[in-house]
Amino acid sequence: MNCCHKIQLMTFVILLLAVMPSLASAELKIAPDKFVRSANYYLEAGIGIPPSDHERLAKYDLLILPAEAQIYNRSLFTDLRRLNPNITILAYVPTKSYNFQYWFDSLHDKLANRIQDSWWLLSSSGGPTSVWPGTRMLNMVSPWSKELPKYVKEDIWSTGLWDGIFYDEFSVTASWVNGGDIDIHRNGVRDDPRLVDVAWERATINMLRDTRELLGPSAVIITNGDSAASVQPYLNGRMYESFPTPWEGSGKWQDSFSSYLRLHNEVGYRPVFVINASTTRNQGAANCRQARFALASTLMGDGFFSYDHGEEEHSQIWWCDEQDANLGNPIGPSINQSTGNSVTMSGVWRRDFENGVALLNSTDRSQTISFEAEMERLRGTQDPTVNNGQIAKSVTLAPQDGIILLRPIGSISGSVFINGAFARLYDQNGRQLRNGFFVYIPPFSGSDQVLLDDIDGDGHKERLVANQKEIRIYGSDGKLRLTFEPYGSKYSQGVSLAVGDVNGDGQIEIVTGTGQGAEPLVKIFDLKGQQIGPGFMAYGQRFHGGVHVATGDVYGIGRDMIITGAGPSGGPHVRVFDRYGQVWAQFFAYDQHFSGGVEVAAGDLNGDGLDEIVTGAGPGGGPHIRIFNVWTKPIGGFFVGDPKTFAGVHVAVSDTNNDGYDEIIALSTDIFKLSAGR
């Protein structure tokens with residue numbers, strides 16, 4: 001892309017945006033806490049959307065494709081749903097035009113055969129009318145308004161490929177067509193514009209009613225071009241094309257924005273709105289500030305953000321840094337912090353989410369906003385002056401601009417960490433995702449191994465703590481539930497900790513390994529502290545460097561394997577065991593002559609359903625992280641700090657931002673060296 005690759009408080013005005021209409025029954029597949037929501041209005045329907053673009057298109061939550069994609073690109077639907085099971089795909093269908101310039105496919109041949117000559121809209125002189133070059137306009141005040149829903153049901157919806165319909169060229173009036181010179185009755189007389197609009201609106205309402213009845217309540221039906229209250233009971237929402245939409249009211253931002261907020265509560269089905277911003281005057285040069293403004297406007301409601309070239313071309317696969325943000329659930333509606341007047345849209349708007357905040361400056365001057373607590377800027381590449389990853393107590397927004405900020409991370413869930421360590425988050429390519437932070441859970445000691453996770457399936461996170469000799473389990477209420485000593489009362493060399501379903505019974509087991517100075521004995525326990533099986537030696541019994549443990553479903557068989565790494569003074573030897581102690585795979589993560597041992601973790605970094613093995617060099621090695629698949633093939637690696645330091649690096653893996661992909665967490669107790677790279 002371009003920018004998108006080449007892309008205080010005074011009296012509050014609270015707009016209730018998220019109230020579900022009583023008729024709502026359509027079910028989007030997207031998770032309710034998925035914000036930012038992204039859409040692509042993608043009308044590239046040539047002989048093929050290349051397979052190389054399938055994965056890029058699957059990133060979007062909502063995709064609008066030409067209906068003829070079901071002819072030219074049928075395999076695309078399978079690929080999209082495989083790559084993104086939650087994607088919503090809508091078919092593009094104009095309501096009043098036939099496109100003679102681009103439609104040469106069998107689907108539109110069927111449509112052409114349905115159209116009778118008397119259904120075309122004429123001028124008073126008997127000539128054709130059009131609202132877009134290369135098209136001819138149909139008369140909604142004719143049997144066309146009854147035939148269009150049948151065509152949609154029988155030739156598009158019946159394929160089972162689509163989740164709904166996007167009706168383009170939608171309006172409840174027609175007196176503006178052809179300068180007002182239209183003859184809906186085909187009697188050679190220019191019709192009274194007021195009577196035209198009354199008849200047109202009635203026919204349009206009937207068309208939508210028929211579409212809803214034929215497609216049913218589960219279909220997503222959105223339109224473009226009109227916000228009339230009379231049609232909303234049949235709709236999920238609408239698209240605001242070239243936002244702020246030039247034909248919405250006076251064409252100013254406040255007209256589109258106020259309509260967007262208002263219609264959330266007027267549609268008859270679960271709201272589905274798209275803010276489709278575009279380059280200035282279809283010039284094709286993407287602009288980050290322009291995109292941020294539209295995206296922040298979108299986040300003030302529950303819509304989907306889209307950004308492309310403009311109404312003259314919708315064939316871009318652009319992606320902004322902000323679209324990778326995971327804000328979680330909204331915490332209430334958006335608030336205009338600058339005015340107590342709900343009619344006045346101009347001001348500084350704010351909406352809070354579980355994981356961050358969205359801000360919007362719709363005024364014509366810069367505005368400074370301060371926060372009660374520190375916030376964190378996104379870490380991006382497209383506009384590093386804005387998304388530079390810095391901690392902020394305030395931000396200054398330029399006129400017509402917006403920003404997303406995240407709440408700093410303070411803890412790690414779902415993966416064992418060293419209490420008091422300094423943590424940094426990376427993707428599988430070694431790109432740092434967030435600022436570093438100290439992860440410390442009081443009142444536990446520094447250097448204890450800690451796990452925050454729902455291990456018993458009660459919906460609350462328990463705390464597991466391993467120290468030099470024992471494991472303690474605390475409930476979410478902080479009360480101690482269980483203490484046990486996996487290696488006996490006389491043992492005090494330290495306990496390595498992991499949890500996983502190692503026998504495939506749907507229950508979590510606790511896996512332990514010994515610390516430095518002890519033989520490398522791995523044991524398995526249930527959540528009552530009862531040992532399961534005899535345990536096994538991960539390495540030779542004469543080796544006394546201990547053993548690091550992790551678990552992961554590396555084979556995709558529905559149960560976790562036990563992954564071990566030799567402790568300090570051992571080679572970087574990684575092994576994969578089943579619960580019986582049988583070796584399934586093994587390899588050296590670094591030079592086999594390196595004797596600092598190896599840290600291990602596992603998680604699904606790429607969303608393929610298989611956990612990858614992540615390693616960190618032990619003491620005496622550089623802060624080198626490597627990634628392996630279960631077939632022992634290295635598939636990535638990077639340094640997490642100064643490669644000239646030799647303290648090694650601890651590793652963990654967790655989906656810290658709830659995007660469906662695990663992130664790599666680099667942990668260090670050598671805080672003076674690693675935290676400098678915060």
Side-chain angles (χ1 to χ4, degrees), residues 8-9 12 14-20 28-38 61-62 86 261 264 270-271 273 275 292 295-305 320-337 348-360 369-380 387 389-395 402-415 417 423 425 427 433-439 441 452-454 458-463 476 654-663 665:
Q8 152 207 298
L9 292 175
F12 293 158
I14 299 179
L15 298 179
L16 300 177
L17 306 180
V19 177
M20 297 296 290
L28 284 179
K29 288 172 286 187
I30 188 173
D33 61 348
K34 176 68 167 64
F35 290 90
V36 176
R37 296 174 168 179
S38 295
D61 304 299
L62 184 147
N86 295 319
L261 298 185
H264 274 68
R270 181 173 176 177
F273 290 86
I275 296 292
R292 281 196 307 270
L295 187 148
S297 297
T298 307
L299 286 171
M300 296 304 120
D302 294 340
F304 297 76
F305 164 74
C320 300
D321 287 334
E322 286 80 2
Q323 288 171 271
D324 285 320
N326 174 36
L327 289 168
N329 272 310
I331 303 175
S334 53
I335 297 172
N336 186 336
Q337 299 184 282
V348 175
W349 287 78
R350 170 173 175 164
R351 195 177 192 191
D352 282 84
F353 297 81
E354 290 174 327
N355 304 330
V357 64
L359 296 170
L360 171 71
I369 303 97
S370 299
F371 307 112
E372 332 59 72
E374 288 184 340
M375 303 296 290
E376 183 179 331
R377 290 177 180 262
L378 300 180
R379 187 179 294 269
N387 296 328
Q390 293 180 355
I391 296 295
K393 283 286 289 183
S394 66
V395 294
I403 195 171
I404 292 174
L405 300 111
L406 301 175
R407 304 185 197 283
I409 298 175
S411 66
I412 298 170
S413 296
S415 188
F417 59 87
L425 274 58
D427 65 16
L433 302 175
R434 299 290 299 271
N435 280 309
F437 58 97
F438 289 97
V439 54
I441 306 297
L452 304 178
D453 206 356
D454 179 12
D458 67 351
H460 302 284
K461 292 180 180 179
E462 288 71 42
R463 299 180 180 185
S476 59
S654 177
D655 184 6
T656 55
N657 58 8
N658 298 310
D659 65 351
Y661 298 86
D662 286 326
E663 291 81 47
I665 306 170

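If you're wondering where the values come from, they're calculated on a predicted model, not measured in any experiment. Note that these values count all heavy atoms, side chains included, but never hydrogens, waters or copies made by symmetry.
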[X] versus [Y], closest heavy-atom pair with distance:
{"X": "Asp454", "Y": "Gly459", "result": "OD2-N, 2.9 Å"}
{"X": "Leu360", "Y": "Ala296", "result": "CD1-CB, 3.9 Å"}
{"X": "Phe353", "Y": "Leu327", "result": "CB-O, 3.1 Å"}
{"X": "Leu299", "Y": "Ala358", "result": "CD1-CB, 3.8 Å"}
{"X": "Asp302", "Y": "Arg351", "result": "OD1-NH1, 2.8 Å"}
{"X": "Ala423", "Y": "Val439", "result": "CB-CG1, 4.4 Å"}

How many angstroms lie between atom [atom1] of [X] and atom [atom2] of [Y], to the nearest 0.5 angstrom?
{"X": "Trp349", "Y": "Leu261", "atom1": "CH2", "atom2": "CG", "result": "5.5 Å"}
{"X": "Met300", "Y": "Asn336", "atom1": "CE", "atom2": "CG", "result": "10.0 Å"}
{"X": "Asn387", "Y": "Ile404", "atom1": "CG", "atom2": "CD1", "result": "8.5 Å"}
{"X": "Met375", "Y": "Gln390", "atom1": "CE", "atom2": "CD", "result": "15.0 Å"}
{"X": "Phe273", "Y": "Arg37", "atom1": "CZ", "atom2": "CZ", "result": "12.0 Å"}
{"X": "Asp321", "Y": "Arg292", "atom1": "CG", "atom2": "CZ", "result": "9.5 Å"}

Short side-chain to backbone donor-acceptor contact, Glu354 and Asn329, under 3.5 Å: yes
Any side-chain heavy-atom pair from [X] and [Y] closer than 4.5 angstrom?
{"X": "Val395", "Y": "Phe371", "result": "yes"}
{"X": "Phe417", "Y": "Ile441", "result": "yes"}
{"X": "Ile409", "Y": "Leu425", "result": "yes"}
{"X": "Leu378", "Y": "Leu406", "result": "yes"}

For Asn355, side chain to side chain donor-acceptor pair (under 3.5 Å) partners two or more places apart: none
Partner residues of Ser413 under the side chain to side chain donor-acceptor pair (under 3.5 Å) criterion, sequence neighbours left out: Lys461
Ionic contact status for Arg407 with Asp352, cut-off 4.0 Å: yes
Any side-chain donor near an acceptor of the partner, Arg377 and Asn435, under 3.5 Å: no
Stepwise side-chain contact (heavy atoms from CB on, under 4.5 Å) test for Glu663 and Asp655: CA-CA 6 Å; Glu663 291 81 47; Asp655 184 6; 3.7 Å; yes
